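So the structure is just underneath, and the comments pick up after that.
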Amino acid sequence: NSVHETETSLEMSPKVAQLLSLKNGNQKRVVQSQKAAGMKLFEMRPGDTGSSSVQIIALTARIQQMQTHILMHRKDHSGKRGMQAFIVRRRKMLDYLERKDFEAY
């Protein structure tokens with residue numbers, strides 16, 4: 001009983017919270033957490049990764065990550081081509097979502 005009371009009364013100090021915040025994370029961790037938060041927002045059931053809206057969120061996060069890469073590396077033509085393929089894939093999924101579930105679109 002006393003262990004349960006101590007667990008609920010524990011609070012994180014501001015220094016520990018700052019240490020664990022995403023401001024200290026690298027770009028990959030920040031993108032992963034943003035992607036996970038977006039997927040959590042649109043999932044139909046817990047652990048859903050296959051629904052169209054969740055896949056669109058995952059593609060959008062990847063496209064945004066590639067856009068920042070392309071801005072830094074302007075001569076990366078193969079990366080630009082890959083990003084265009086992701087954009088086309090996302091557009092097709094959005095068109096599918098518009099046809100099948102307009103409210104979710």
Side-chain angles (χ1 to χ4, degrees):
N1 193 14
S2 65
V3 172
H4 181 64
E5 290 173 7
T6 58
E7 286 180 8
T8 56
S9 66
L10 289 178
E11 291 188 24
M12 197 179 308
S13 71
K15 292 197 182 248
V16 173
Q18 182 181 8
L19 180 68
L20 296 176
S21 74
L22 284 177
K23 287 190 260 184
N24 295 328
N26 59 4
Q27 183 67 26
K28 184 177 180 181
R29 296 287 182 205
V30 172
V31 169
Q32 282 178 346
S33 66
Q34 288 174 345
K35 180 179 167 183
M39 290 172 76
K40 190 98 171 142
L41 185 66
F42 285 98
E43 67 185 4
M44 305 282 185
R45 60 195 170 282
D48 180 20
T49 57
S51 65
S52 298
S53 54
V54 173
Q55 289 184 26
I56 290 168
I57 289 294
L59 281 172
T60 301
R62 183 74 174 120
I63 288 168
Q64 288 174 345
Q65 184 181 12
M66 290 182 79
Q67 282 175 336
T68 58
H69 171 80
I70 295 296
L71 287 175
M72 290 171 49
H73 306 281
R74 295 198 181 273
K75 292 187 178 185
D76 185 6
H77 300 294
S78 60
K80 195 179 291 186
R81 184 176 181 272
M83 185 180 70
Q84 290 297 324
F86 278 138
I87 290 172
V88 168
R89 199 156 91 190
R90 183 180 63 175
R91 180 75 256 158
K92 285 182 179 181
M93 284 190 157
L94 283 169
D95 291 343
Y96 170 80
L97 193 64
E98 183 182 17
R99 281 194 320 268
K100 296 296 180 183
D101 189 9
F102 189 74
E103 288 79 30
Y105 178 75

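Since the model is a prediction, treat every value here as computed from it, not as a measurement. Position 1 is the first residue of the sequence, and the numbers go up from there.
Under the side chain to side chain donor-acceptor pair (under 3.5 Å) criterion, Gln67 pairs with no residue, sequence neighbours left out. For Ile57, the side-chain contact (heavy atoms from CB on, under 4.5 Å) test picks out Met39, Phe42, with sequence neighbours left out. The side-chain contact (heavy atoms from CB on, under 4.5 Å) check on Ser51 picks up Met44, Asp48, Ser53, Val54, with sequence neighbours excluded. Looking at residues two or more places apart in sequence or on another chain, you find a side-chain contact (heavy atoms from CB on, under 4.5 Å) between Arg74 and Leu71. In terms of the side-chain contact (heavy atoms from CB on, under 4.5 Å) criterion, residue partners of Phe86 (sequence neighbours excluded) are, by chain and number, Leu59, Arg62, Ile63, Met66, Arg89.
Listed by first then second residue, pairs satisfying ring-ring contact (aromatic ring centres under 6.0 Å, His included) with a partner in residues 44-66 number zero, not counting sequence neighbours.
For the pair Arg91 and Asp95, the salt-bridge criterion is met [side-chain N within less than 4.0 Å of a carboxylate O].
Atom CD in Gln65 sits 9.0 Å away from atom CD in Gln32 (nearest 0.5 Å). Distance check: His73 NE2 to Thr68 OG1 gives 9.0 Å after rounding to the nearest 0.5 Å.
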Which pairs of donor and acceptor atoms, one on a side chain in residues 78-85, lie under 3.5 Å apart (sequence neighbours left out)?
unit_1	atom_1	unit_2	atom_2	d
Ser78	OG	Asp76	OD1	3.3

